[in-house]
Trainee: 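One structure follows; several queries about it will come next.
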Amino acid sequence: MKGVITMPARIEKKSKNSYLLTVNIGYDEYGKQLFKRKTIKATSDREARKAYDVFAAEVRLGRVASTSKCKLVDFARNWFQNYCMKELAPKTQRSYQNHLERRILPSLGHIDIKNLMPQHIMKFLDDLRKDGTRFDKRAGQISEESIRYCFRVLSSMMQDAVQWQVIANNPCERVKPPLSNHTKVKIMDEISLQKMFSALETEPFKYQAIVMLAIDSGLRLGELVALTWTDIDMERGILHITKSNQAMRGKGIFTKTPKNETSVRDIALSKHSIRMLQKHREMQQQQRDQLKDKWTNGGWVFTQWNGLPVYPTTPSAWFRKFLKRHHLPHMHFHALRHLSATVLIARGVPLKNVSSRLGHADIRTTANIYSEALQSVDRQAADKMDEFLGKSLQTESE
């Protein structure tokens with residue numbers, strides 16, 4: 001017979017061997033009681049009571065997810081306000097919001113978050129590979145890297161849902177992530193690079209300095225344009241990377257913490273870079289003296305004409321025009337960072353040191369991006385070993 005057993009615990013007998021266990025976990029912000037429930041099989045009321053004690057203990061220890069209904073769209077918008085808006089950089093916030101509102105929620109938002117299954121996610125990923133999913137509305141498909149990023153946003157949100165005890169597990173963990181197809185970064189050959197260095201000598205000195213410092217340091221563009229003179233220890237030849245500059249429409253230029261914890265780092269600079277920076281600082285001081293009260297002194301290394309920080313996209317826009325003006329092969333400004341890493345690897349600098357210098361959070365990222373350079377170095381190592389063994393064996397035969 002159905003009914004509620006008379007006892008302090010809420011144990012409802014649903015059928016002959018079925019019981020519904022209910023634990024009160026408090027109230028929401030509207031004063032509504034919140035519960036966690038579980039249906040069990042038990043042969044007696046006594047067995048049901050024991051099961052309830054175990055279930056209540058698990059609830060108290062935070063091992064049981066909430067059983068209240070919650071659409072993915074509702075959780076996503078709460079997650080965005082309470083996590084993304086507080087923890088993520090502005091550009092990342094905008095990117096997450098775009099992927100949520102324009103891709104994830106239109107496809108999955110109607111599903112109760114507890115009912116989101118791996119098959120829902122796999123179908124969603126397949127649908128992203130169809131035409132019409134580009135933000136710019138142009139024909140064609142989005143890249144696998146964009147699909148992977150969208151999956152990462154969804155998985156990050158679902159993992160937080162687990163942490164917040166909304167769901168018991170992350171369904172994205174049971175879906176094979178889209179493959180990451182790292183596009184090979186295009187770097188000039190040595191002849192073109194020599195032509196580029198020669199052409200660079202005819203350009204404004206501040207651009208000479210930023211290009212050479214990018215190659216020497218391997219800094220990201222945002223890190224380069226965020227440098228202040230206090231970040232550079234000229235005597236010791238040390239560069240302190242503690243921040244990054246970005247720009248957004250309606251927000252202008254803003255300074256943020258670097259990409260990850262390992263991006264806050266100190267790196268040694270070459271003597272060549274130190275000399276260039278010293279000359280750049282002297283020339284900047286002369287410009288400051290000429291402009292007088294028109295100069296805004298923010299201590300920035302790379303500035304606009306009036307001392308304000310250079311706009312983060314300016315160096316890359318200039319670099320593109322510079323290459324075209326001198327009839328040099330096209331190469332993105334960001335490729336200078338890859339050139340830096342490739343040069344170091346080719347000259348035998350340990351991968352761990354290269355990874356640390358670049359500010360990568362995981363050395364595997366470095367190994368993945370620069371796999372070809374590492375293979376080339378490994379080939380050189382094999383050739384040297386072959387030379388050693390050849391000489392050794394020849395000595396033995398004599």
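For reference, positions follow the sequence shown, starting with 1. No experiment lies behind these values; they were computed from the predicted model shown.
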Trainee: Any sub-3.5 Å donor-acceptor pair from R49's side-chain atoms to I11's backbone N or O?
Mentor: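 Side chain of R49 to backbone of I11: no pair is present.
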
Trainee: Less than 4.0 Å between a side-chain N and a carboxylate O, is that true for R37 and E12?
Mentor: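 Salt bridge absent between E12 and R37.
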
Trainee: Would you say the side chains of H280 and Q285 form a donor-acceptor pair under 3.5 Å?
Mentor: no

Trainee: Report yes or no: do S95 and T92 form a side-chain donor-acceptor pair below 3.5 Å?
Mentor: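 Result is no, nothing qualifies.
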
Trainee: Return yes if a side-chain donor-acceptor contact under 3.5 Å exists between W295 and Q290, otherwise no.
Mentor: no

Trainee: Kindly determine whether E47 and K41 satisfy salt bridge (Lys or Arg N to Asp or Glu O under 4.0 Å), including the steps that lead there.
Mentor: CA-CA 9 Å; E47 187 178 339; K41 296 290 184 182; over 6 Å; no

Trainee: Keeping E223 on the side-chain end and I241 on the backbone end, is there a donor-acceptor pair under 3.5 Å?
Mentor: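 Checking the backbone N and O of I241 against the side chain of E223, no donor-acceptor pair under 3.5 Å is found.
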
Trainee: Does atom NZ (K195) have a neighbourhood of more than 12 heavy atoms from anything else shown, all under 6.0 Å?
Mentor: no

Trainee: Side chains of T255 and N245 only: does a donor on one sit below 3.5 Å from an acceptor on the other?
Mentor: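 Per modelled atom types, T255 and N245 side chains form a pair under 3.5 Å.
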
Trainee: May I ask you to establish whether K14 and Y19 are in a cation-pi arrangement, using a distance under 6.0 Å from NZ or CZ to the six-membered ring centre and at most 45° from the ring axis?
Mentor: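 So K14 doesn't make the cation-pi contact.
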
Trainee: Assess whether a salt bridge exists between D127 and K130, defined as any Lys/Arg side-chain N lying under 4.0 Å from an Asp/Glu carboxylate O.
Mentor: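 Yes, this pair counts.
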
Trainee: Using a distance-only test with no angle check, is there a side-chain donor-acceptor pair under 3.5 angstrom linking T43 and N17?
Mentor: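 No.
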
Trainee: Got a salt bridge between D126 and R129, using NZ or NE/NH1/NH2 to carboxylate O under 4.0 Å?
Mentor: yes

Trainee: Step through the shown structure and confirm whether more than 12 heavy atoms of other residues, nucleotides or ligands are within 6.0 Å of NE2 on H240.
Mentor: yes

Trainee: Return the minimal non-hydrogen interatomic distance between V153 and W79, and the atom names on each side.
Mentor: O-CH2, 4.1 Å

Trainee: Testing F319, W318, F322, Y207 for ring pair (Phe, Tyr, Trp, His ring centres under 6.0 Å) with F333, which one passes?
Mentor: F319

Trainee: At what distance, to the nearest 0.5 angstrom, does CG of L239 lie from CZ of R265?
Mentor: 8.5 Å

